[in-house]
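The structure appears right after this line, and notes come after that.
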Number of protein chains: 2
Amino acid sequence: MSEKPTIKDVAKAAGVSEATVSRALSHSPRVKRATRQKVQEVANRLGYRPNSLARGIRVKQTHTLGMIIPDILNDYFTQLTREIEDAAGHAGYDVLIMNTDESLVKEAHALNLMLEKQVDGVIIASAGGQTDYARILGTTPAIFVDRMPPANIKTPYDRVIVDNVKATCHIVSQLLAQGATRVGIINSAVSFTATERLAGYQQALHDSGIALDSAIEVAARTDNSNVQQMTRQLLINQKCDGLFVGDNTIMEEVLRKLTELNLPHLQLGGFDDQMWFDFLPRPIVTARQPIKQLGQTVVDRLLAHLADPQLAPQEIRLDAQIITRQ
Amino acid sequence: MSEKPTIKDVAKAAGVSEATVSRALSHSPRVKRATRQKVQEVANRLGYRPNSLARGIRVKQTHTLGMIIPDILNDYFTQLTREIEDAAGHAGYDVLIMNTDESLVKEAHALNLMLEKQVDGVIIASAGGQTDYARILGTTPAIFVDRMPPANIKTPYDRVIVDNVKATCHIVSQLLAQGATRVGIINSAVSFTATERLAGYQQALHDSGIALDSAIEVAARTDNSNVQQMTRQLLINQKCDGLFVGDNTIMEEVLRKLTELNLPHLQLGGFDDQMWFDFLPRPIVTARQPIKQLGQTVVDRLLAHLADPQLAPQEIRLDAQIITRQ
DNA sequence: CAATTTTATTAAAACGGTTTACAAATTTTA
DNA sequence: TAAAATTTGTAAACCGTTTTAATAAAATTG
């Protein structure tokens, strides 16, 4: 009564063998209708639930994907997670989510845990660093999304990502079109996407025939602790009338600083779109990532790799949508 | 080479028995230092990782907790999840997160899945409805947080929750203190917390000697689809100069409507605090929940129940902090 | 109705670990 | 040095499920 019922208990109670119970419950055709009904009835009455650990060990499949995200508090990643859950769910897979808080140690731990739990494949938004993923993952298929391992590390994995260069170039060009003449940038120092976004910024200036100004690019690789100071430096000292902000978390600090500085005519742009930007007193130009499509693509590709381990790795680029809110 | 190494492979390569490998890797004291080192070296070289499925089936413990949240896009729940992950991690437990999108069907599915994966205990923020949790859970310990099952369903589980009545009463009183004379409410129709918050609203009016106005309370139980219309009804037709908003998602709609209606003197209050409220042109009075403490308490209590299944269920109320931003 | 084919069921062998009972080797004690 | 105690290693049992191969039962055929 107190112990969880096993397949053995069901078999005994229904007066059949364990094998028959297993077949009856897994929609196998090789079982008489009457038998199946009786088994189902008994299993239901006993509150039997198959132990997926035992099952997983036997069939060497868990129908579970692991997903590693660097920051569960970041809207972008929670939205992405939700879409991936959705896409995976439709394909009959469950998703085991783990958050690394941008820590390489936690990432390694999460990865190990997932492998020990025998996930069929893993989706990684990397925390950066020089991790040798191939060594950790062994034969388990994986795919990278948004955040890639550094380019100097060769990985045999798919990569799904938005075209950061193109999108950033668009945003900065839009700021110029809206009247900005001197556009600054505040950007993260480390991540993969940050590097690309800096390139996009430089390209936009180049396209408009504006020379790069080293006095402005000092903030192009900040460490997130001195964002407010950088904001002041660019907007007051350097008299920038346009500003591109590299990501979500930096944007928060910039906005905080802007409530102090009275600069109604500043042209502001940032990468990740947020619902609440609509409520701010100042319009912000942003890139809205095709999150649904991103999630669907990631799952599709990963499942394709599960089906065919020989499938050649590939980099897939999607386009972001630019939101102007003029 | 291509197959994942098992404990058998390690044993063979190290020239010892499987049991010795198991002991050596699980810090059992009963193994010679030299042997342990050799085993560790070999295991490492082979990239061996114990199969936690096999282990879980034998020891009948997975050191994993399940967590069910109704909306992964809601900041409040992602923050709560993060704290729970943290607290559980410190106690040596991992957390399997599943999102139900406020759907009872998905909730039941998630619950079943977790039980099949043999989680040691489950944390539930309920999607509402008349689910008979005890029947589904069987002997697996569980605890409810924030969202409770309806009061008419008896559950033998702990409940950890913020005092919604008190906090809402505070917020509404604060709106009155800030000069509002006629305070409306827009609230969800269904959830457990919504019911409590309505009570808090009514209490505040009662405490201030203001009679309840049925023309205002029409919006007290909305279905989230006509929030913008209700907002107009209360603020224009009913001429409310104060408004309490029941939750996060409703607040979003209200703010959207407020960008159209020009009402600079409206006193606005809502339940869940958001970081970006700081950037809005209008101050909002909110309740900030003690999320860290909430998460810690939930984990502590659940683990206590794991250790002692006889522990009596209990309801724990924590106080929210009121943020005024005058 | 016997022979054959088809369909249902079962017993036993996996799966990959942990644990137990026990034997062997080593050290301590008498 | 023999006996006892301790340390270390081995072999077998076990966890709950699926699957294989063998068997029993039922349905079809000649």
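None of the values given here were measured: they were computed from a predicted structure. Note on naming: letters A, B, ... go to the chains in the order of the sequence lines (proteins, then strands), and numbering restarts at 1 for each one.
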Show me the donor-acceptor pairs, under 3.5 Å and distance only, between side chains in residues 7-16 of chain B and residues at least two apart or in other chains.
unit_1: D9(B); atom_1: OD2; unit_2: T6(B); atom_2: N; d: 2.8

Donor-acceptor pairs under 3.5 Å, side chain of residues 289-297 of chain A to any protein atom, not counting sequence neighbours: which ones?
unit_1: Q289(A); atom_1: OE1; unit_2: Y76(A); atom_2: OH; d: 3.2
unit_1: Q289(A); atom_1: NE2; unit_2: D272(A); atom_2: OD1; d: 3.1
unit_1: K292(A); atom_1: NZ; unit_2: E83(A); atom_2: OE1; d: 3.3
unit_1: Q296(A); atom_1: NE2; unit_2: D300(A); atom_2: OD1; d: 3.1
unit_1: T297(A); atom_1: OG1; unit_2: Q293(A); atom_2: O; d: 2.6

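- When side chains are defined from C-beta on, E315(A) does not count as touching D158(A), because their heavy atoms never get closer than 4.5 Å.
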* What is the per-nucleotide protein-contact pattern of nucleotides 16-25 of chain D, from the 5' end, where B denotes a base atom under 4.0 Å from a protein heavy atom, S denotes such proximity for sugar-phosphate atoms only, and - denotes neither? -> BBBBBB----

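- Separating the NZ atom of K38(A) from the C1' atom of dT9(C) is a distance of 12 Å, rounded to the nearest angstrom.
- Between H63(B) atom NE2 and dG17(C) atom P the separation is 18 Å, expressed in whole Å.
- Residues L53(A) and I57(A) form no side-chain contact, since every pair of their non-hydrogen atoms from C-beta on lies 4.5 Å or further apart.
- In this structure, CD on E116(B) lies 12.0 Å from CE on M114(B), to the nearest 0.5 angstrom.
- Contacts of D71(B) classified as side-chain hydrogen bond (donor to acceptor under 3.5 Å, both in side chains), with partners at least two apart in sequence or in another chain: none.
- Relative to the axis of its first five pairs, the axis of the last five pairs of the helix from dC1(C)-dG30(D) to dA30(C)-dT1(D) sits at 40°, rounded to 10 degrees.
- Following rounding to the nearest Å, E116(A) (CD) and dT18(C) (P) show an atom-to-atom distance of 10 Å.
- In this structure, R36(B) places its CZ atom 14 Å from C1' of dG9(D), rounding to the nearest Å.
- Residues L25(A) and R36(A) form no side-chain contact, since every pair of their non-hydrogen atoms from C-beta on lies 4.5 Å or further apart.
- For T20(A), a side-chain nitrogen or oxygen approaches OP1 or OP2 of dT10(C) to under 4.0 Å.
- In terms of the ring pair (Phe, Tyr, Trp, His ring centres under 6.0 Å) criterion, residue partners of F144(A) (sequence neighbours excluded) are, by chain and number, Y133(A), Y157(A).
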